[in-house]
Amino acid sequence: MSFGDIAGLWLATGLTLFLFSFLYRDNPFYKLGEHLYLGVTIGYMLVKLVYETWIPKVWNAENYALVIPPVIIGFLLLTRFVPKVSWLSRWSFAFIIGYGSGLAIPATFTSIILKQAEATTRPLVTVPTAAEQKALEAAEKTLADTRAARGNEAPETRAAEKAALSARRSGTYSWVRAYADVTTIILFLGVFSVLFYFFFSIEHKGPVRIFSRVGVLFLMIYFGASYGYTVMGRFALLYDRLLDVRKASGGDAWFATPIILVLMIGVLVWRHRTGKASEEPSH
Amino acid sequence: MRALALLLLLQAPLWAQLPEGFEVYDTPGDEGSSALAVWKALPKETADASYVVWRAPAKDGPWEEVARFPQTAGWKSDAPQHFGTGSGNKGWHWASIPALAEPGKPPVAMWVKLGVEGAGGAAESAPAEVTPVPNWWAWNKLNVFLFVVAFTCVTFWLISRARRDPNLFIRRIPGLDAMEEAIGRATEMGKPILYLNGLNAMDSISTIASTCILGQVAKRVAAYDTTISVPCFDPVVMGVSQEVMREGFIAAGRPDSYRSDAAFFVTSDQFGYVAAVDGIMIREKPAACFYLGYYYAESLLLAETGATTGAIQIAGTDSVTQLPFFIATCDYTLIGEELYAASAYLSREPIQLGSLIAQDWGKLFLLAMILLGTVVGSAAVVFRAPALLFLKDLFATYS
């Protein structure tokens, strides 16, 4: 590992441990990490804005006539710094909110409301189609013919049995089909009851209350499942970070993790003993 | 001589049959990004043989392959967004051909040809010219347009009704009743209120709803003469927050108490913002924390830190993946649409009230359509009625 790599590892490990020290209480290490993080992100954002937006899209624009109106709207935002003309910034805000709503409403309508409605609009019961029933009859006939010609134990008979079984699943009202139908009915009930919960202009009492409570139950089941799923993902991120910290604890990284940890603990104990830590708020 | 003729015959390619009705035309209702090619299915098609579509900037090439699929796929009936649900789609194939021109650039003509490849040999059609051009109207979104127009008319009508009768009924929302309590608690404790607008920009519906609620919260903050802190993730949201707070303070008759630095920009980096807001929570120990808007992975980090400081916490978001975390850590949570209803509920202004009731009407219409679609779809399946199946397809496409 080069000296640059090791310095990078020390910095990453140190900042990780500084930010994790927040779990103990607010302390100078966390403050250092927090302010460094903020400063770096704002600096990075500013440079990105200049090099990815201002220079290519405004300074080197292909058609300046198209760029001038948005630039004027943007500059109007800066009038907030001059109290006498700060009202001009409202024009920009009105434009931003107006075009934002104009773009968001049809997009939300198409991508969320209509898609959801389309996905919910399903037959509650399914019956075998004429083609599926025909396929079943053909499969049964093939099985009977194969049995008669080859006997019960022949590999061809086994294959025909398999095909007939598969055809029976789709060609008759099987458990698989019933399970799918029950799922559709539960989904339909869930969507209806949840939407009822979000009715604001009718009082939730009597049957409406019962139905909307069913909706709340559906919501809570979903939230519980979503919580567990996301927490699992977050633990994976934590393990990943801890693995990096562990990687930096070996001799090839000049024992970054243990050295930084010992130094941090030493400083925190010293501050606690001298009473300086009490000036900082705890959780 | 006979031997030579036989040899030539053996080495000649076997010509596959070409489909009839090959036609190329500009995709209707798009931004000029593609063209459509359609052709009639061959009498005998197999999964082993393929259709291939090429495009070129000139009639003589260079040709570039843009689509290839087995003869048993690529049916017009599978793309109702382009061809509708009519029975005329049966037995026709289609392919989408990307335009040569880049988006926003002037349209460029291109040449398209169809090929058939399989065990029986290969064949190519004569090239056809097409120029994909941008269209003003996306006809496949006509249903969205009509619904938005109808919804807007209903909203205006309900607003005028709310103006005549401001006592229109809205059911109780516990999380919003608790806002008053939280502001009162902060006043009694002499501690600030922390209000977060979420991480989305001003073009997000949830951020717009959040700033509307901030206006109502600012009115009460001004009336109770308490302090409020609004760390912002986006500079434009900060500007809007300052404006709505100023309006709130003026409406409460306390313009002198308004401080423009109450809403301030932190950073537009997700976890940098979290680090800063968590630090503010620990150091200032607000009595009440409001998290209203759209949140991502930072929701639990914020709400958990707020919970450890003992603040009363009220959250509201339409981010379904983050709602469980707010429900687990906050005292009250506005779920999804309750966030949009909040401002109308708090202010009872006719415009907002009318819009809220219009939303209920919209939901009722949607429920009726889903119910009708489900009944029609179920009946179509049970009675195997082709006419009803067509209706079912219609719902699936345009609902």
A.B. asks: Side chains of B:Ser241 and B:Asn197: donor-acceptor distance under 3.5 Å anywhere?
C.D. replies: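 B:Ser241 vs B:Asn197: donor-acceptor pair found between side chains.
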A.B. asks: For B:Thr317 and B:Gln322, what are the C-alpha separation, side-chain angles and deciding distance, and is it a side chain to side chain donor-acceptor pair (under 3.5 Å)?
C.D. replies: CA-CA 8 Å; B:Thr317 186; B:Gln322 303 309 319; over 6 Å; no
A.B. asks: Name the option with the most non-hydrogen atom pairs under 4.5 Å to chain A; the candidates are B:Thr211, B:Val382, B:Val375, B:Leu364.
C.D. replies: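 The candidate making the most pairs under 4.5 Å is B:Leu364.
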A.B. asks: Does the side chain to side chain contact (heavy atoms under 4.5 Å, CB included) test come out yes or no for A:Phe199 and B:Lys363, once each step is laid out?
C.D. replies: CA-CA 8 Å; A:Phe199 272 102; B:Lys363 273 175 279 186; 3.9 Å; yes
A.B. asks: Please classify the contact of B:Val320 with chain A as side chain, backbone, both or neither, using a heavy-atom distance under 4.5 Å.
C.D. replies: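 Both parts, backbone and side chain.
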A.B. asks: Can B:Arg283 be said to sit on top of A:Phe22's aromatic six-ring, NZ or CZ under 6.0 Å from centre and within 45° of the ring axis?
C.D. replies: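 Checked: cation-pi criterion not met.
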A.B. asks: Does any heavy atom of chain B fall under 4.5 Å from the side chain of A:Phe223, the backbone, both, or neither of them?
C.D. replies: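 Its backbone and side chain both get close to chain B.
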A.B. asks: Among residues at least two apart in sequence or on other chains, which ones pass side chain to side chain donor-acceptor pair (under 3.5 Å) with A:Asp181?
C.D. replies: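 By the side chain to side chain donor-acceptor pair (under 3.5 Å) rule, A:Asp181 matches A:Thr126, A:Tyr173.
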A.B. asks: What residue, out of A:Phe188, A:Tyr229, A:Phe198, has the most heavy-atom pairs lying under 4.5 Å from chain B?
C.D. replies: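 Of the options given, most contacts go to A:Phe198.
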A.B. asks: Of the backbone (N, CA, C, O) and the side chain (C-beta and beyond), which part of B:Tyr345 lies under 4.5 Å from a heavy atom of chain A, both, or neither?
C.D. replies: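 It is neither, since no heavy atom gets under 4.5 Å.
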A.B. asks: By a 4.5 Å heavy-atom criterion (distance strictly below it), what part of A:Tyr30 contacts chain B: side chain, backbone, both, or neither?
C.D. replies: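 A:Tyr30 touches chain B through side-chain heavy atoms alone.
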A.B. asks: Against chain B, label A:Tyr197 side chain, backbone, both or neither, depending on which of its atoms sit under 4.5 Å from a heavy atom there.
C.D. replies: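 Interface part for A:Tyr197: both.
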A.B. asks: Quick one: of B:Thr321, B:Ile205, B:Asp278, B:Val148, who has the most non-hydrogen atom pairs under 4.5 Å with chain A?
C.D. replies: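 Heavy-atom pair counts peak at B:Asp278.
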A.B. asks: If you tally heavy-atom pairs under 4.5 Å against chain A, which of B:Tyr273, B:Phe271, B:Phe265 wins?
C.D. replies: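 If we count pairs closer than 4.5 Å to chain A, B:Phe271 comes out on top.
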A.B. asks: Begin with the C-alpha distance, continue with both residues' side-chain angles, and end with the deciding distance and a verdict on side chain to side chain contact (heavy atoms under 4.5 Å, CB included) for A:Leu19 and A:Tyr37.
C.D. replies: CA-CA 10 Å; A:Leu19 287 175; A:Tyr37 198 174; 4.3 Å; yes
A.B. asks: Against chain A, label B:Leu366 side chain, backbone, both or neither, depending on which of its atoms sit under 4.5 Å from a heavy atom there.
C.D. replies: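 Just its side chain gets close to chain A.
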A.B. asks: Which atoms of B:Leu367 are under 4.5 Å from chain A, going by heavy atoms: the side chain, the backbone, both sets, or neither?
C.D. replies: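 Both parts, backbone and side chain.
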A.B. asks: Do any pairs count as a salt bridge (Lys or Arg N to Asp or Glu O under 4.0 Å) and have a residue in residues 214-237 of chain A, sequence neighbours left out, and if so which ones?
C.D. replies: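 For residues 214-237 of chain A, and leaving out neighbouring residues, there are no salt bridge (Lys or Arg N to Asp or Glu O under 4.0 Å) pairs at all.
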A.B. asks: Using 0.5 Å steps for rounding, measure from the CG atom of B:Leu199 to the SG atom of B:Cys232.
C.D. replies: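 One gets 10.5 Å once the value is rounded to the nearest 0.5 Å.
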A.B. asks: Given a strict heavy-atom distance threshold of 4.5 Å, which part of A:Ile42 is in contact with chain B: side chain, backbone, both, or neither?
C.D. replies: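 Both the backbone and the side chain of A:Ile42 come within 4.5 Å of chain B.
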A.B. asks: Using the ring-ring contact (aromatic ring centres under 6.0 Å, His included) criterion, which residues pair with B:Tyr295? Sequence neighbours excluded.
C.D. replies: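 Testing B:Tyr295 for ring-ring contact (aromatic ring centres under 6.0 Å, His included), a comparison that skips the adjacent residues, returns B:Phe326.
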A.B. asks: Check this for me: A:Arg209, atom CZ, are more than 12 non-hydrogen atoms of other residues, nucleotides or ligands nearer than 6.0 Å?
C.D. replies: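 No, because the 6.0 Å sphere around CZ of A:Arg209 holds 12 heavy atoms or fewer from other groups.
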A.B. asks: Heavy-atom distance under 4.5 Å to chain A: side chain of B:Ala341, backbone, both or neither?
C.D. replies: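 Just its side chain gets close to chain A.
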A.B. asks: Side chain, backbone, both or neither: which part of A:Phe109 has a non-hydrogen atom closer than 4.5 Å to chain B?
C.D. replies: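 The side chain, not the backbone.
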A.B. asks: Does any backbone or side-chain atom of B:Ala328 lie under 4.5 Å from a heavy atom of chain A? Answer side chain, backbone, both or neither.
C.D. replies: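 Side chain of B:Ala328 only, per the 4.5 Å heavy-atom cut-off to chain A.
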A.B. asks: Determine whether the side chains of A:Arg122 and A:Thr184 contain a donor N or O and an acceptor N or O closer than 3.5 Å.
C.D. replies: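 The answer is no; no qualifying pair exists.
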A.B. asks: Considering only heavy atoms, which portion of B:Ile335 lies under 4.5 Å from any heavy atom of chain A: side chain, backbone, both, or neither?
C.D. replies: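 Contact with chain A involves both backbone and side-chain atoms of B:Ile335.
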A.B. asks: So if I take each residue of residues 353-362 of chain B and look for any heavy atom under 4.5 Å from a heavy atom in chain A, which residues do I end up with?
C.D. replies: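 Listed by number: B:Leu356, B:Ile357, B:Asp360.
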A.B. asks: Could you tell me if the side chain of B:Ile173 sits less than 4.5 Å from the side chain of B:Arg171, heavy atoms only?
C.D. replies: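 B:Arg171 vs B:Ile173: side chains touch.
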A.B. asks: Considering only NZ, NE, NH1 and NH2 on the basic side and carboxylate oxygens on the acidic side, decide whether A:Lys31 and A:Glu34 come within less than 4.0 Å.
C.D. replies: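 So A:Lys31 does not pair with A:Glu34 through a salt bridge.
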A.B. asks: Would you kindly say whether B:Tyr296 and B:Asn200 are connected by a side-chain donor-acceptor distance under 3.5 Å?
C.D. replies: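 The criterion, which ignores hydrogens and geometry beyond distance, is satisfied for B:Asn200 and B:Tyr296.
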